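Each chain gets a letter, A, B and so on, in the order its sequence line appears, and its residues count up from 1. Not measured: the values here are computed from a predicted model.
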Protein chains: 2
Amino acid sequence: MHSDVVASRSADPKDSRESRSESRNGAGPHLDAVSLAIIEQLQEDGRRPYAAIGKAVGLSEAAVRQRVQKLLDQGVMQIVAVTDPLTVGFRRQAMVGIHVEGDVESVADALSAMSECEYVVMTAGSFDLIVEIVCEDDDHLLEVINRRIRAVPGVRSTESFVYLKLKKQTYMWGTR
Amino acid sequence: MHSDVVASRSADPKDSRESRSESRNGAGPHLDAVSLAIIEQLQEDGRRPYAAIGKAVGLSEAAVRQRVQKLLDQGVMQIVAVTDPLTVGFRRQAMVGIHVEGDVESVADALSAMSECEYVVMTAGSFDLIVEIVCEDDDHLLEVINRRIRAVPGVRSTESFVYLKLKKQTYMWGTR
DNA sequence: CGGAGACCTGCGGATTTCGCAGCGTTGGCG
DNA sequence: CGCCAACGCTGCGAAATCCGCAGGTCTCCG
């Protein structure tokens with residue numbers, strides 16, 4: 001059921017114009033206030049019924065459903081379960097700062113391809129790249145940092161910050 | 001993939017359902033294989049119906065529902081919408097490394113109380129604390145870093161890494 | 001003017017969620 | 001040893017939700 005791509009009446013290929021998914025961060029498809037309000041609702045509870053959301057934002061159930069589906073298709077948001085990795089058996093995490101020589105973006109792509117890299121961001125400052133690593137144990141972490149990451153062409157040096165304790169983790173942008 | 005736990009009705013006693021292990025930092029009992037499988041399902045799609053999850057993990061719809069509710073109540077996981085902040089109107093983000101003198105945890109608590117801090121983690125390495133900041137614009141970011149964070153007692157110095165481009169952001173722990 | 005696209009509403013029918021009553025297992029305890 | 005409370009799972013209607021679809025409005029063009 002997931003893959004039948006609604007689009008009951010918008011199965012138009014040219015429709016893809018600027019809705020090209022996920023990390024085109026320059027500027028996403030601009031969201032209006034209503035979509036923002038819908039996102040806010042779902043940031044509080046990802047399973048809230050469409051009808052309840054509709055009541056909150058002033059739209060019909062069907063309209064909310066269509067908007068949500070579009071936001072998901074466009075990659076503007078995803079509705080997922082998030083956990084503290086420590087409780088799920090990943091005992092070692094680290095933030096790794098990386099100095100790059102040459103093309104930063106290609107290095108970022110290479111790191112993004114690793115499943116252990118949960119989070120990859122290009123930054124200004126003394127690091128060119130910052131990535132978050134999630135591993136099962138020390139050996140795993142060591143291997144990822146010392147063998148895999150440093151083996152990527154363009155990576156000149158790294159600095160690791162092993163997690164001792166996760167104090168806060170929220171997803172409430174917009175809910176302020 | 002999902003082990004053989006099907007057990008249409010056999011209550012496999014071998015699996016010591018809940019070991020009272022504590023080795024974690026925040027809260028929450030250890031998870032058995034079935035709960036882990038449920039979380040995996042919800043990491044793929046936070047709105048997946050309980051019946052579908054049940055089919056995948058070998059449990060009835062009602063059992064899945066009860067487990068999910070418990071996981072939510074215990075705070076082991078949350079089901080939420082996540083977005084790239086840039087597409088939602090937060091144009092400035094930064095990772096901030098912090099050097100602390102004195103009690104690190106109390107500083108972490110103070111930072112956690114700020115709504116602009118999305119992510120707060122205590123680390124080993126040259127920083128004592130790493131926090132992720134989400135702001136609306138440069139002025140906002142400047143104020144948070146230079147006035148609010150540095151005003152927290154115990155914060156000795158900070159180093160900022162302004163986000164240029166978010167390359168990857170996933171929540172698929174366990175789905176590997 | 002007329003058509004295409006975007007977006008909304010309303011409405012049945014299929015699904016899903018929800019609450020509750022059983023039931024088997026486990027563990028504590030007199 | 002036997003009783004009982006605590007848990008967790010199942011099954012089952014009833015209620016609520018989801019889903020697809022048809023139809024209406026508005027805007028943007030050629």
Side-chain angles (χ1 to χ4, degrees), chain A residues 1-20 28-39 41-42 44-74 76-79 81, chain B residues 2-21 28-39 41-42 44-74 76-79 81:
Chain A
M1 53 173 72
H2 359 306
S3 40
D4 44 328
V5 189
V6 172
S8 43
R9 55 206 319 83
S10 67
D12 193 326
K14 76 159 61 125
D15 165 40
S16 60
R17 41 167 166 183
E18 64 170 331
S19 39
R20 206 60 257 153
H30 41 35
L31 305 172
D32 63 17
V34 178
S35 288
L36 224 40
I38 291 175
I39 291 175
Q41 294 286 317
L42 289 170
E44 279 175 33
D45 174 6
R47 273 181 169 257
R48 185 163 298 169
Y50 295 131
I53 298 173
K55 205 157 304 176
V57 307
L59 236 52
S60 70
E61 178 268 343
V64 173
R65 175 156 38 91
Q66 287 157 16
R67 286 209 187 214
V68 168
Q69 192 55 54
K70 205 171 93 172
L71 290 171
L72 294 173
D73 289 344
Q74 288 175 165
V76 172
M77 73 170 178
Q78 29 183 342
I79 299 178
Chain B
H2 329 78
S3 53
D4 30 347
V5 190
V6 183
S8 45
R9 72 176 316 79
S10 72
D12 296 40
K14 50 125 168 273
D15 188 12
S16 58
R17 57 326 181 15
E18 303 261 339
S19 37
R20 285 310 126 112
S21 167
H30 234 227
L31 305 172
D32 65 17
V34 178
S35 288
L36 223 38
I38 291 175
I39 291 176
Q41 294 286 318
L42 289 170
E44 281 175 33
D45 175 4
R47 274 182 169 258
R48 186 162 297 170
Y50 296 131
I53 298 172
K55 205 156 306 180
V57 307
L59 238 53
S60 70
E61 176 270 338
V64 173
R65 176 156 38 92
Q66 286 157 16
R67 284 208 185 214
V68 168
Q69 193 54 55
K70 206 172 90 174
L71 290 171
L72 295 173
D73 289 344
Q74 287 175 164
V76 172
M77 72 170 181
Q78 30 182 341
I79 299 178

* Structure fact -> Taken to the nearest whole Å, CD1/Ile53(B) to C1'/dT10(D) is 17 Å

* Could you list the residues that satisfy side chain to side chain donor-acceptor pair (under 3.5 Å) with Gln78(A), not counting sequence neighbours? => none

* What's the shortest heavy-atom distance between Val64(A) and Gly54(A), and which atoms? -> CG2-CA, 3.5 Å

* **Rounded interatomic separation in angstrom, taking CZ from Arg48(B) and P from dC19(D)** => 13 Å

* **Whole-Å distance separating the CZ atom of Arg67(A) from the C1' atom of dC19(D)** => 19 Å

* Asked: Residues two or more places apart in sequence or in another chain: which of them pass side chain to side chain contact (heavy atoms under 4.5 Å, CB included) with Asp32(A)?
  -> Val34(A), Ser35(A), Arg67(A)

* To do: Examine dC7(D): is either OP1 or OP2 under 4.0 Å from a nitrogen or oxygen in the side chain of Lys70(B)? Give yes or no.
  => no

* Whole Å only: how far is the NZ atom of Lys55(B) from the C1' atom of dT16(C)? -> 12 Å

Sub-3.5 Å pairs of nitrogen or oxygen atoms, protein against nucleotides 19-22 of chain C:
unit_1, atom_1, unit_2, atom_2, d
dG19(C), N7, Arg65(B), NH1, 3.2
dG19(C), O6, Arg65(B), NH2, 3.2

* Asked: If every non-hydrogen atom of Leu42(A) is compared with every non-hydrogen atom of Arg48(A), which pair is closest and at what distance?
  -> CD2-O, 4.4 Å

* Should Met77(B) and Val68(B) count as side-chain neighbours, where that means a heavy-atom distance under 4.5 Å? -> yes

* Asked: Rounded to the Å, how far apart are Tyr50(B) OH and dT10(D) C1'?
  -> 17 Å

* Asked: Can you tell me how far C1' of dT17(C) sits from CD1 of Ile79(B), to the nearest Å?
  -> 13 Å

* Arg47(B) side chain, from C-beta outward: closest of dC18(D), dC9(D), dC7(C) -> dC18(D)

* **Contact summary for Gly46(A) and Ile79(A), nearest pair of heavy atoms** => O-CG2, 3.6 Å

* **d(CD, Gln69(A); P, dC7(C)) in whole Å** => 14 Å

* **Given dC8(C), dT10(D), dC18(D), the nucleotide with the shortest approach to the side chain of Leu59(A)** => dC8(C)

